[in-house]
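What's counted below: heavy atoms across the whole structure, side chains too, no hydrogens, waters or symmetry copies.
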Amino acid sequence: MEYKDYYKTLGVDKSADQKTIKKAFRKLAKQYHPDLHPDDKKAHEKFKEINEAYEVLSDPKKKQTYDQFGSAGNFSGGMNFDPSQYGYTYTTGGGGDFSDFFDMFFGGASAGAGAGSKRRSTTFNMGDIFGDLKGGSRRSHKPQRTQYSTDLTISMDDAYNGVNRQVSLTIGGKAVDIPVKVPAGITDGKKLKVRGDKFGVDGDILFKIHVTAPKGVEIHGLDLVVDQAIYPWQAYFGDKITCDLPAGKLRITVPEKTKGGQRLRLAKKGLKDLKGHTGDAYVRFVIVNPENLSAEEEALYKQLSEKHKK
């Protein structure tokens, strides 16, 4: 039979007090609880080992019996031994909550020298593990629901104004259509949770939002940099033009003798978030030539070109 090192299982020293043992158990039980790992057999086995170790080390009588046996045989975790050499006549029951090693001591009628101790309940719920122990009171928590994560890409305008989207997903081999209401002011990286119960999904669906900017627009948090094309004469003489922003069309003034790349700040005309904060928009002027020139306009360009030749 294999000797079980319960102290090693909980990661505590043999001199640990009950407070330390309980703290170690709660931490490990939270990490390996089956509700958090429904399909992980290794986690289930680890959880059973943790429960068994705590069952012994948290009970003064069981702990004393275990410690005396360990000291007498000078055992370490994983060592094999013959129970009959230490006065135990044990027949495995197989498949129980605890190991053969535990049942050798505390299993009842089949145990030898350590018989007589009653087994405590080994059912641990999420409230016990995650509860907040203050003054002896426990605060219970509901088990964590299953979560499915996916991405949802939307345009900058949809992020600003909000949008309803129908998303087709395959979850557990089943095709489902999930309606997603994207609120106005959603920002890149935020997550939206949709409860899947009404769609036949056993859990929640998390949509991570990705906001895409149109060509000529840069998103910097809630601030925008928007490229605005202007003609050379508009740059030189100044002009009034219309600029398209998420907040709508806005009439702006191009300053005289504007240089390429020069920016114009429009306060509170950028993106907004769910808390009502609003960023600024920066119009970046890009000087471009007309695609088509009349003969007269082309002649004027040539005159300017000739005049400035060295």
**Item:** Inter- and intrachain pairs under side chain to side chain donor-acceptor pair (under 3.5 Å), touching residues 236-253, at least two apart
**Value:** Q234-D239, K240-T253, T242-R251, D244-K249

**Request:** Please round to the nearest 0.5 Å and tell me the distance separating atom CD1 of I21 and atom NZ of K23.
**Result:** 13.5 Å

**Asked** Is it the case that one hydrophobic cluster holds both I241 and W233, taking links as side-chain heavy atoms less than 4.5 Å apart, direct or via other members?
**Response** no

**Prompt:** If you take all heavy atoms of A213 and M156, which pair is closest and at what distance?
**Reply:** CA-CB, 4.5 Å

**Asked** Who are the side chain to side chain donor-acceptor pair (under 3.5 Å) partners of D39, not counting sequence neighbours?
**Response** none

**Request:** Please determine which of L206, I178, D202 meets the side chain to side chain contact (heavy atoms under 4.5 Å, CB included) test together with Y148.
**Result:** D202

**Item:** A299: side chain to side chain contact (heavy atoms under 4.5 Å, CB included) partners, not counting sequence neighbours
**Value:** none

**V211 side chain near I219 side chain, heavy-atom distance below 4.5 Å** = yes

Would you list the atom pairs, donor with acceptor, under 3.5 Å between side chains in residues 159-169 and any protein atom, with sequence neighbours excluded?
from: N161; atom 1: ND2; to: D157; atom 2: O; distance (Å): 3.0
from: R165; atom 1: NH1; to: T153; atom 2: O; distance (Å): 3.3
from: S168; atom 1: OG; to: D177; atom 2: OD1; distance (Å): 2.7

**Residue list, side chain to side chain donor-acceptor pair (under 3.5 Å) with D158, at least two apart or on another chain** = S155

**ILVMFWY cluster, L224 and L250 together (side-chain gap under 4.5 Å)** = yes

**Message:** If the threshold is 4.0 Å, N to carboxylate O, is there a salt bridge linking K63 and D67?
**Reply:** yes

**Message:** Test your reading of the model: is there a side-chain donor-acceptor pair from D40 to the backbone of A43, 3.5 Å cut-off?
**Reply:** yes

**Complete:** Hits for ring-ring contact (aromatic ring centres under 6.0 Å, His included) against F237, two or more places apart or cross-chain, chain-then-number order -> none

**Separation of F25 CZ from Y54 OH (nearest 0.5 Å)** = 6.0 Å

**Asked** After noting the C-alpha distance and the side-chain angles of E52 and K4, does the key distance pass the salt bridge (charged side-chain N to carboxylate O under 4.0 Å, His left out) rule?
**Response** CA-CA 10 Å; E52 179 175 319; K4 300 287 186 181; 5.9 Å; no

**Message:** Can you pull out every salt bridge (Lys or Arg N to Asp or Glu O under 4.0 Å) where at least one residue sits in residues 261-271? Sequence neighbours excluded, please.
**Reply:** R265-D280

**Message:** Please determine whether residues I230 and Y282 belong to a single hydrophobic cluster, defined as Ile, Leu, Val, Met, Phe, Trp and Tyr linked transitively by side-chain heavy-atom distances below 4.5 Å.
**Reply:** no

**Message:** Whether the side chain of Y6 engages the backbone of E49 through a donor-acceptor N/O pair (distance < 3.5 Å, no angle test) should be reported.
**Reply:** no

**Request:** List for me each residue that meets side chain to side chain donor-acceptor pair (under 3.5 Å) alongside T150, sequence neighbours excluded, and say none if there are none.
**Result:** none

**Item:** Residues Y301 and N289: side-chain donor-acceptor under 3.5 angstrom
**Value:** yes

**Request:** Give the ring-plane orientation class for Y66 versus Y7, where under 30° counts as parallel, over 60° as perpendicular and anything between as tilted.
**Result:** tilted

**Message:** Going by salt bridge (Lys or Arg N to Asp or Glu O under 4.0 Å), name the pairs with one or both residues in residues 208-230, residues two or more places apart or in two chains.
**Reply:** E218-R284, D227-R284

**Message:** With a 3.5 Å distance limit and no angle check, can you tell me whether Q262 reaches the backbone of K259 through a side-chain donor-acceptor pair?
**Reply:** yes

**Item:** Verify same cluster id: V225, F285 (apolar side-chain graph, 4.5 Å)
**Value:** no

**Message:** Under 4.0 Å between a side-chain nitrogen and a carboxylate oxygen: does that hold for K8 and D5?
**Reply:** no

**Prompt:** Rounded to the nearest 0.5 Å, how far does CG of N51 lie from CG of L28?
**Reply:** 10.5 Å

**Prompt:** Which residue pairs pass the ring-ring contact (aromatic ring centres under 6.0 Å, His included) test with at least one member in residues 170-219, sequence neighbours excluded?
**Reply:** none

**Single-linkage hydrophobic cluster I252~Y231, side-chain heavy atoms < 4.5 angstrom** = no

**Request:** Quick one: pull up SG in C243 and CG in L264 and give me the separation to the nearest 0.5 Å.
**Result:** 9.0 Å

**Request:** Enter the distance from D204:CG to K193:NZ here, rounded to the nearest 0.5 Å.
**Result:** 5.0 Å

**Asked** So, do L271 and T187 sit near enough that their side-chain heavy atoms are less than 4.5 Å apart?
**Response** no

**Request:** Sorted by first residue and then second, give each salt bridge (Lys or Arg N to Asp or Glu O under 4.0 Å) pair with at least one member in residues 286-302; sequence neighbours left out.
**Result:** E298-K302

**Request:** Starting at CG of L274, measure out to NZ of K190 and round the result to the nearest 0.5 Å.
**Result:** 6.5 Å

**Request:** Using the test side chain to side chain donor-acceptor pair (under 3.5 Å), find all partners of H277 that sit at least two apart in sequence or belong to another chain.
**Result:** D273

**Item:** Polar side-chain atom of T212 near backbone of I154 as donor-acceptor pair, under 3.5 Å
**Value:** yes

